[in-house]
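Only one structure is covered here, and it is reproduced in the block below.
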Amino acid sequence: MISQKAKYALRALVALCKAPPESSLMIAEISKAQAIPKKFLEQILLELKRAGIVMSRRGRLGGYVLLRPADKLTFGEVLRLIDGPIAPLPCLSKIAYRRCADCQDEATCEIRHVFAHVVKAQREVLDHTTFADALAAGRVPEAAL
């Protein structure tokens with residue numbers, strides 16, 4: 001399961017994707033619209049800012065704005081940023097591979113082989129579904145299915 005923090009990050013980004021181009025949203029606006037606790041949202045947006053996904057603007061018309069268009073930002077990228085590896089086994093992770101401590105041979109591990117299929121399908125969907133896809137009536141790209 002993804003963390004509550006990841007769900008909040010995804011919802012905050014959906015809100016920013018729905019905002020008119022070049023406009024920014026205040027934390028309070030996102031918090032209220034997406035039912036995200038304000039203090040938690042502040043931490044999440046700072047993390048997204050450090051990763052170069054959003055930027056903040058100061059002043060009366062300030063707030064947060066996306067740095068990339070919604071069609072260039074995938075669910076997989078955000079999930080890995082917030083929650084870390086999304087693979088169910090460390091030996092299948094893209095960003096944090098490590099051999100399972102109790103594994104004698106990865107090449108013949110039946111468990112690894114089954115979960116490798118799961119991970120492949122999961123990555124296909126998460127890494128090819130953009131926020132623009134999600135906003136298009138929840139449509140998932142055909143290639144990802």
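- Test Val78, Asp83, Ile82, Ile86 against Ile2 for side chain to side chain contact (heavy atoms under 4.5 Å, CB included) and you get one pass: Asp83.
- Scanning all heavy atoms of the two residues, the minimum distance from Ala87 to Arg123 falls at CB-NH2, 4.3 Å.
- Taking each heavy atom of Ser23 and Ala19 in turn, the nearest pair found is OG-CB, 3.8 Å.
- Lys18 contributes atom NZ, which lies 12.5 Å from atom CD1 of Ile30 (distance to the nearest 0.5 angstrom).
- Cys91 approaches Glu106 most closely through the heavy-atom pair CB-OE2, 3.5 Å.
- Atom CZ of Arg98 sits in a sparse spot, with 12 or fewer heavy atoms from other residues, nucleotides or ligands closer than 6.0 Å.
- Screening residues 28-46 for side-chain hydrogen bond (donor to acceptor under 3.5 Å, both in side chains), with sequence neighbours left out, gives no hits.
- Distance check, rounded to the nearest 0.5 Å: CZ of Arg112 to NE2 of His117 gives 11.0 Å.
- Scanning for ring-ring contact (aromatic ring centres under 6.0 Å, His included) contacts around Phe131 gives Phe75, with sequence neighbours left out.
- Leu66 and Leu41 end up in the same hydrophobic cluster when Ile, Leu, Val, Met, Phe, Trp and Tyr side chains are linked at under 4.5 Å.
- Ala6 approaches Leu79 most closely through the heavy-atom pair CB-CD2, 3.8 Å.
- Interatomic distance, SG of Cys109 versus CG of Leu89, reported as 7.5 Å (0.5 Å rounding).
- Val65 and Ile27 are assigned to two separate hydrophobic clusters, defined by single-linkage of ILVMFWY side chains at heavy-atom distances under 4.5 Å.
- Connection of Leu81 to Tyr64 is established within a shared hydrophobic cluster, with ILVMFWY side chains joined at heavy-atom distances below 4.5 Å, either directly or through further cluster members.
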- Run the numbers on Lys94 and Asp127 for side-chain contact (heavy atoms from CB on, under 4.5 Å), then give the verdict. CA-CA 12 Å; Lys94 272 175 110 174; Asp127 292 340; 3.5 Å; yes
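- Under a 3.5 Å cut-off, the side chain of Ser24 and the backbone N or O of Gly62 do form a donor-acceptor pair.
- Note that the NZ atom of Lys72 and the CD atom of Glu77 stand 12.5 Å from one another [nearest 0.5 Å].
- Heavy-atom contacts from other residues, nucleotides or ligands closer than 6.0 Å to CG of Leu46 number more than 12.
- At least one donor-acceptor pair closer than 3.5 Å links the side chain of Arg99 to the backbone N or O of Gln104.
- Residues Ile111 and Val119 share a single hydrophobic cluster, defined by chaining ILVMFWY side chains whose heavy atoms lie under 4.5 Å apart.
- Rounding to the nearest 0.5 angstrom, the gap separating the CG atom in Leu73 from the SG atom in Cys17 is 6.0 Å.
- Counting heavy-atom neighbours within 6.0 Å of Lys5 NZ, excluding the residue itself, gives a total above 12.
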Check residues 48-59 and write down every donor-acceptor pair under 3.5 Å in which the side-chain atom is one partner and the other belongs to a residue at least two apart or another chain.
from: Lys49; atom 1: NZ; to: Ser56; atom 2: OG; distance (Å): 2.9
from: Arg57; atom 1: NH1; to: Glu22; atom 2: O; distance (Å): 2.9

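- With values rounded to the nearest 0.5 angstrom, Thr74 atom OG1 is found 8.0 Å from Arg68 atom CZ.
- The same ILVMFWY cluster, assembled from side-chain heavy atoms under 4.5 Å apart, contains both Phe40 and Leu45.
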